[in-house]
Amino acid sequence: MILDQYQRPLRNLRLSVTDRCNLRCSYCMPEPEYVWLPREDILHFEEMEQLVDVFLDLGVDKVRLTGGEPLLRRDLPKLVAALAARPRIQDLAMTTNGVLLAQQARALADAGLHRVTMSLDTLRPDRFRDLTRTDDLEKVLAGIAAAAPLFRGLKIDTVVIRGTNDDELAELIEFGRQYGAEVRFIEYMDVGGATHWSMERVVSRAQMLQELSRHYGAITPVVEASSAPADRYRLPDGTTFGIISATTAPFCHACDRSRLTADGFWYLCLYAQRGIDLRGALRGGAGADQIAGLIRAAWRDRRDRGAEDRLAARNRAPLIPVDTLRRDPHLEMHTRGG
Ligand code: SAM
Ligand code: SF4
Ligand code: SF4
């Protein structure tokens, strides 16, 4: 196992399979236009598998497919089947907006995908339109209905934004309950791409708990030892939910995650300004040992605690200006994979 400068292991790889997306969530892609990664730079599945194998050799045992929207990547079940055949991956998951999930859930389950996390911020069609600039709520709900019986432990992730969906927390918990899905509320983060972010629009974990206690009565924390980012809580009737307090109480001290973009750049932190070009190494003829050397050296030097650093910043405003994002789309959340 490789440890970084704060004794955090390299265990968790988020693999972005495309930077394209079929939604335009206001907290992730609010701009009218985007600069995309060049098509010829996007890794083929065989290249992704080669890089994943190097990470597995170094101790990674959790892989999460993400994007952009991962279901836009053609033939995704083929990649899932190839990864599912690697027994060292103990947890093979995917995060999706669900628009295309009803069509693909069966093929993904048959290919061996273990778990699915769905992003869903509202149950109201008008809000969904304002939040995503599409009318696809019905498709997302159909996706959840299709996925729930096929995947154990479905999760629903909701970014909570003041004045947008912060009055829907209980409704979302009730909705999740119908499908046996645990809902996790995510604090609005000032990541690259969140160009409309402001601290006033962040609903903190404490405020969410206050709101939910008003509705449900006493809420108790679920005590567990884990490197998962969500703090879990139990309602009086036993229903559990999570809160990811990534903005007001970040979990950098236990962060074992890194991210590989669809064009093969590896990032040690969601907030990192620079990545390591593994595609260049791979296509330049570097062998698995050489790539492992690059990864090992970078992880051992890792000191990233991006969200904690942001917490210490005064007068917080969006992290990266739009023109800088256009010059380097790797700085975008939808390229990093969230
Ligand atoms: N498109 C897929 C989806 O939405 O599930 C996968 C990629 S998306 C970038 C991954 C996650 O990042 C989503 O759950 C999304 O809600 C979250 N996310 C994006 N921007 C965010 C922000 N500014 N603050 C908090 N979470 C954010
Ligand atoms: Fe929304 Fe995910 Fe697309 Fe970002 S990548 S716009 S969070 S669906
Ligand atoms: Fe990990 Fe960086 Fe997120 Fe902190 S900000 S939890 S170090 S990815």
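In this text, all values refer to a predicted model and were calculated from it rather than measured experimentally. Reckoned from all heavy atoms, side chains included, excluding hydrogens, waters and symmetry mates. Counting convention: from 1, in listed order, for ligands and their atoms alike.
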Contact check: Gly68 vs ligand 1, nitrogen or oxygen atoms, below 3.5 angstrom: yes
Ligand 2 contact on Cys25 by region, counting heavy-atom pairs under 4.0 Å: both
Side-chain donor or acceptor of Asn165 paired with backbone N/O of Asp121 under 3.5 Å: yes
Ser119, any N or O under 3.5 Å of ligand 1 N or O: yes
Numbered atoms of ligand 2 (with element) below 4.0 Å of Met29, judged on heavy atoms: 6 (S)
Expected output: side-chain Glu171 to main-chain Glu168 donor-acceptor under 3.5 Å: no
Contact partition for Thr117 relative to ligand 1, non-hydrogen atoms under 4.0 Å: neither
Atom 4 (Fe) of ligand 2: the protein heavy-atom neighbour that sits closest, reported with distance to 0.1 Å: Cys28 SG, 2.4 Å
Protein N/O/S neighbour count - atom 2 (Fe) of ligand 3, strictly under 2.8 Å: 1
Contact partition for Glu187 relative to ligand 1, non-hydrogen atoms under 4.0 Å: backbone
Test of ring centre spacing under 6.0 Å for Tyr267 and Tyr271: no
Value rounded to 0.5 Å, distance of CZ in Arg39 from OG1 in Thr18: 7.5 Å
Region of Thr95 engaging ligand 1 - heavy atom pairs below 4.0 Å: both
Short N or O distance, Ala194 and ligand 1, threshold 3.5 Å exclusive: no
Element-labelled atoms of ligand 3 that are located less than 4.0 Å from some non-hydrogen atom of Arg259: 8 (S)
Sub-4.0 Å heavy-atom contact, Glu69 with ligand 2: no
Whether His330 and Phe265 hold their rings parallel, tilted or perpendicular, with breakpoints at 30° and 60°: tilted
Protein contact to atom 27 (C) of ligand 1 [nearest heavy atom, distance to 0.1 Å]: Met333 CE, 3.7 Å
